[in-house]
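Notes follow the structure.
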Amino acid sequence: MVILFDWLAAQLDKASGEPVYRQLLQLMQQAILTGQLAPGTKLPSSRLLAADLGIARNTVLHVYDQLSAEGYVLSTTGSGTYVADTRPDSAAVGPAPDTPTHDGRAVPEPSPRGDMSVRGQRLIDEAGVSARQWGAFMPGVPDVAEFPARTWSRLQARLWKSASPDLLTYAPGGGYRPLRRALSDYLRVARSVRCSPDQIIITTGIHQSIDLAVRMLADTGDRAWVEEPCYWGARSVLQASGIKLAPIPVDGEGLNPRESDLRHPPRMALVTPSHQYPLGMVMSLARRRTLLEYARQHKVWIIEDDYDSEFRYGSRPLASLQGLDDAGQVIYVGSLGKLLFPGLRVGYMVVPERLVGAFRTGVAELYREGQLMQQAVLAEFIMDGYLTTHVRRMRTLYGERRQLLIDAVTRHFGDALPVMGDETGLHFVLGLPEDCDDRVVTAASYDAGVIVRPLASYYFGKQQRKGLLTGYACVPHEDIAPAFATLANVIEEHAFRAASTPRERAA
Ligand SMILES: Cc1ncc(COP(=O)(O)O)c(C=O)c1O
């Protein structure tokens, strides 16, 4: 025991900012866990230990109480405090990997397993998320600086003043009813979606909506059609749920399944009909009708990802695929991330009527939703007309920025580099020559302070078009030309090394 006293005295640092109580507790826990204080050892009386260490007896009493509450020691009235025997029970832990069996042979070592699951490792290996989320020319990001924060905070302050308990608890499955009503009105008018408020399920965004749809409608090993190329986030969510992905080519009219694809109906198909991500084409009406008929006949679930089609320049936004679906095979998913700000994390899904009950239960079981206060603020924001006004204002602003960026491209490169998919959304694809490595250009422009994304990274197969996803929405007008000059320098260095000017090379 003298050794314990000496060790504790040497370790305690009364001058440190750490309270003596916490230091002593941690030291005694350490001594018990390492066996320095063996099971059954009787601890010194609190009076003796306090005197020896020169600390208050109450401190020691509190430490002993805490050790007893956490199971390190056992106190018996009258007979003192003893170290409890908490050594792992070897029978409960099981044999070591190479313990000999009854017939004397060694049990084979189990194959070494890393920390990650196979699908977890794949998620990490193929991760698409960017380290930076703001700045020229980050694709897919709206101008959050333009968000009417004062209006939002006024609505929020008013609601908090009369916060009722039902706004502060868990959400009922599906989300705040007035928000579902406001969204169904908005989607009917703005996106020609056919739905009642009951069919709307509020989520934290498209990622969660896809995750829920997959968990509710598909099993591990089921196949899903995805567009080739497609959004990395959708790919990650599907694969992490154990879904096998079948990439389907797209052409100027959108999804274009081959004969061989059609022969194997998938469990689900994930499409971006109003604005193919990332290339930007629109699925033609004929393709939409064919896909819906195929889905009806083969019981394929279609997930329609309608992430940014409100921002259509030059003509009105196009109607959704869901609005044409008479068979109830389409799950429509959308988000307020691009309309308002991505950090809001509010999205919605519109499910066919027969799935409403199941999805409401599913969303509550899996994600235990809340944030009703935020949903209430959003409902008022929409009902008071602020969403429509903001979207209209942003459409004009982004339209101007898009034009400024296209002008900058033309000034630098003439028509040597095509601009693709620029009619809708927050980004376009700047085509690069086929022999140019767009990943290398992306990395070099990142080092130069400009963010773009390589088109090649959205493909599964080797048949990849080269280009850069270039976002203009979040870049102030005056920053567009200088930022593009930086990007153009990098492109020239990598794409046009052989010819003296891009125009010469194009000629
Ligand atoms: C095609 C597509 N779908 C979905 C999302 C993400 O949606 P959310 O932020 O609502 O999860 C993005 C974001 O860039 C996207 O490009």
Side-chain angles (χ1 to χ4, degrees), residues 127-135 137-144 147 175 183 187 191 200-214 224-241 245 247 250 254-255 268-283 302-312 320-321 331-350 363 367 369 371 374-375 378 387 398 421 424-429 451-455 457-459 468-474:
V129 71
S130 177
R132 279 177 63 191
Q133 296 290 336
W134 182 246
F137 292 105
M138 179 74 198
V141 175
D143 193 344
V144 295
F147 178 70
L183 280 171
L187 291 172
R191 306 295 310 113
I200 302 223
I201 307 281
I202 310 290
T203 64
T204 60
I206 291 175
H207 277 230
Q208 193 179 65
S209 298
I210 298 175
D211 189 56
L212 180 63
V214 169
W225 280 2
V226 288
E227 295 162 323
E228 168 78 327
C230 83
Y231 173 50
W232 57 264
R235 183 182 66 200
S236 291
V237 172
L238 291 168
Q239 283 187 162
S241 287
L245 302 190
V250 293
L255 195 77
M268 49 180 46
L270 200 141
V271 286
T272 48
S274 297
H275 186 219
Q276 201 281 330
Y277 193 90
L279 292 173
M281 65 284 271
V282 171
M283 192 186 285
I302 298 175
I303 302 179
E304 175 179 13
D305 178 355
D306 195 22
Y307 59 103
D308 72 356
S309 51
E310 276 91 347
F311 299 116
R312 185 165 172 81
S320 64
L321 177 70
I331 318 284
Y332 174 91
V333 301
S335 173
L336 286 138
K338 313 271 185 222
L339 300 182
L340 298 178
F341 59 99
L344 182 62
R345 301 314 293 147
V346 176
Y348 42 82
M349 56 202 308
V350 179
V363 75
Y367 314 119
E369 342 131 70
Q371 302 200 331
Q374 175 161 287
Q375 293 183 15
L378 181 57
L387 176 68
Y398 300 161
T424 308
L426 310 177
H427 78 275
F428 58 64
V429 175
I451 313 167
V452 284
R453 296 183 71 111
L455 181 57
S457 68
Y458 293 80
Y459 285 87
L468 302 175
L469 271 74
T470 314
Y472 42 80
C474 69

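One-based numbering, in listed order, for ligands and for the atoms of each.
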Using a 3.5 Å cut-off on N/O to N/O, what pairs does ligand 1 make with the protein? A line per pair would be great.
residue: ligand 1; atom: 3 (N); partner: Asp305; partner atom: OD2; Å: 2.6
residue: ligand 1; atom: 9 (O); partner: Arg345; partner atom: NH1; Å: 2.8
residue: ligand 1; atom: 10 (O); partner: Ile206; partner atom: N; Å: 2.8
residue: ligand 1; atom: 10 (O); partner: Ser335; partner atom: OG; Å: 2.7
residue: ligand 1; atom: 11 (O); partner: Ile206; partner atom: N; Å: 3.1
residue: ligand 1; atom: 11 (O); partner: His207; partner atom: N; Å: 3.1
residue: ligand 1; atom: 11 (O); partner: Arg345; partner atom: NH2; Å: 3.1
residue: ligand 1; atom: 14 (O); partner: Lys338; partner atom: NZ; Å: 2.6

For Val226, the side-chain contact (heavy atoms from CB on, under 4.5 Å) test, sequence neighbours excluded, returns Cys230, Leu238, Leu245, Leu270, Phe460
Output all residues satisfying salt bridge (Lys or Arg N to Asp or Glu O under 4.0 Å) with Arg312, sequence neighbours left out; order by chain, then residue number. Glu423
Can you confirm whether or not the ring centre of His427 sits under 6.0 Å from the ring centre of Tyr277? yes
Once side-chain hydrogen bond (donor to acceptor under 3.5 Å, both in side chains) is applied, what residue pairs with a partner in residues 338-350 remain, sequence neighbours excluded? none
Do we see a donor-acceptor contact under 3.5 Å between the side chains of Thr272 and Glu227? yes
Indicate the atoms forming the closest heavy-atom contact of Gly337 with Pro142, along with that distance. O-CG, 3.5 Å
